[in-house]
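As the structure is a prediction and not an experimental result, all values here were calculated from the model. First the proteins, then the strands, lettered A, B, ... as listed; each starts at 1.
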Amino acid sequence: MVEAPSPSPSPLSWAPLIRASASRGLFLHALSLFARMRAVSGASAARAALPSVLKSCAALRLAKLGESLHGFVLRSGWASDLYTANALMNMYAKVQISNVYGEKSIAQMPKSSFFYLGTRKLGLCESPFESSCELSGDSSISTSLRSVRKVFDEMPERDVVSWNTLIAGCAENGMYGEALDMMRDMGEIGLKPDSFTLSSVLPIFAEFVDVSKGAEIHGFAVRQAFDSDVFVGSSLIDMYAKCTRIEYSRRVFDLLPDPDPISWNSIIAGSVQNGMVDEGLRLFRRMLTLDIKPMPVTFSSVTPACAYLTTLHLGKQLHGFIIRGDFDSNVFVASSLVDMYAKCGSISIARCIFDRMHSPDMVSWTAMIMGYALHGPAEEALALFQMMETENERPNCVAFVAVLTACSHAGLVDEARKYFNSMCNDYGIAPRLEHYAAVADVLGRAGKLDEAYEFISDIHVSPTASVWSTLLRACRVHKNIALAEKVAKQIFEIEPKDMGSHVLMSNIYSAAGRWNEAANLRTAMKSKGMKKQPACSWIEVKNKVHAFVAHDKSHPWYNKIIEALGVLLEQMEREGYVPDTGDVLQDIEEEQKRYVLCGHSERLAIAFGIISTPPGTAIRVTKNLRVCVDCHTVTKFISKIVAREIVVRDVSRFHHFKDGICSCGDYW
DNA sequence: ATAGGGTTAG
């Protein structure tokens, strides 16, 4: 990277050399050249090279060197130079400093590291740079920004670049109001916002999910013909995607004359995040066929699609790509892999990847803890949480969602209370609905229904239907009809068309033999025009996904599947299986109910898995609803009869069936 | 010469 020093160039030819290095990304080389130049020529020769030198400093995040260069600029009286001042602003926007310049006079800064560099062996940074790096905490971010502002304020003249640098600095530091005010201010003094300005402010509307303001910017971009700029285009795509207007994102993308890898990533990430995972995968494949090189971010955007679909074979293919591209050390990529393997049922592979990460961040820890929470071994989840705390990683609110979910899935009442209190008191995190829901769930499931009711009633923000419905489910388990009715009333007020709760309540009535009320509820559902989401299960066999809905005869193997189920049913009945028809909502004869149960989609998927794979192969099925009680029992029997491990992922967790036992301990 | 866009956990 660093070329052998050539004979000293004449004073005038240093600057172009330095500029060339910086523009090729050889920042360290640019700094070395600058140091050599300082050693052999006077200060005035440095002037033309300063913007590139400051840029290199910014790129390498060398705060102390940047400050001492600032001192050099002030002492030389070049602070009024437009390009130099712009570069200074940018430098402060990129590095982290601990004091605003001026508080400790920058002009008096020691002629430190970069003069020292000149006498060192030219080459890679050892001490001068490492010791000059400031690795301070969050509080210094706004400190740096105040220095950006100060340079800006003291400039004798400013151009669009000066304004854009300040606006971008504000936007990146969450000072959204200021950024937008400044965009208006620059317009008022006659400087028109350009494509740089727009791509800096558009993420603000993405963050605030303000599509109307974002669309105003889009209109302006179209009128000024900035909409073919890839930077503006990518932030427009992202803005619309974050505002759940993925169709607009797509239009912007399709109109981009020359999308770059980041534009591709914006549309792929947007599609996946909006649930259009197939489209996201299609776009990813198209990107590969167009020979556009994927980047680490591309993989962290696509991998969640496999996690969502439970398509382990696709996920493994992506993992292969990632390893071949040498992206697996990227934290974002590794975290998405941990999550993907956990959600595809391979918790042990997830753990391997997690253990090999050099510096897992909060997202990585949380993905792993959530993985255990979903699979059942709550001890592992709690142990990891504790390990994380001892490593001085500060859990955030999502990490607590994960650990509370682990408690709730394992019925650990005391631990749930402990973590909830620790979150509020030790970490000062305001509990959100997800936290209340997890604690209410575990209380309710433990039979402490009244305590759960009080707990939810105490929530200061208004609880959503989903928080109450955890309690409704507990009421069903503990057969408390009075409380169930009270809870259902609350739910139907908030969410009159909540399907799951109607079904649950109707089941509660049916189970108690109160057929009239159950029937009334069903009539009400019909009159509200509610349609039950069809239950669907799918399974991967030989890298192909087979999907089943209840009583779906469309699968080519349907007859074989029913035949196999019949054989299994006979064996089960010999071993003492009695159908539990409590979950069958319809008011029909018992014999018909049994028939309904037999058609449940996960049974079709499991039976298909058994007859289409060699004996002993584990079977992995995913279902879009919760497993019903009877299917859970049946699957336990089947796992024993055919001596197979059966892994079922339903909407809330994984069930690992083996030898007639399920990892959830029949608690879900 | 100096400035800009996209990513992972719920």
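Aromatic ring centres of A:Phe284 and A:Trp264 lie farther apart than the 6.0 Å criterion allows. Side-chain rings of A:Phe354 and A:Trp365 approach one another, their centers coming within less than 6.0 Å.
First and last contacting nucleotides of DNA chain B toward chain A (any atom under 4.0 angstrom from a heavy atom, 5' to 3' order): B:dA1 to B:dG10.
For residues 153-177 of chain A, every residue pair satisfying the ring-ring contact (aromatic ring centres under 6.0 Å, His included) rule, not counting sequence neighbours, is listed here: A:Phe152-A:Trp163, A:Tyr176-A:Phe208.
Residue contacts shown for A:Val398 include a base, since a base heavy atom lies under 4.0 Å away. Within 4.0 Å (heavy atoms only), A:Val333 reaches no atom of the nucleic acid at all. When heavy atoms are screened at a 4.0 angstrom cut-off, A:Val338 is found touching no nucleic acid atom at all. A:Asn330 comes within contact range of no nucleotide atom at all, as no heavy-atom separation falls under 4.0 Å. Across all strands shown, A:Met295 has heavy atoms under 4.0 Å from base atoms, whether or not it also approaches the sugar-phosphate. The residue A:Thr405 sits apart from the nucleic acid: no heavy atom pair falls under 4.0 Å. When heavy atoms are screened at a 4.0 angstrom cut-off, A:Thr197 is found touching no nucleic acid atom at all.
Taking the centre and axis of the six-membered ring of A:Tyr248, the NZ or CZ atom of A:Arg245 falls outside the cone set by 45° and 6.0 Å.
The aromatic rings of A:Tyr92 and A:Tyr101 sit parallel to each other, their planes meeting at less than 30°, with 60° as the upper class boundary. Ring geometry for A:Phe327 versus A:Phe299: interplanar angle of 30 to 60°, hence tilted.
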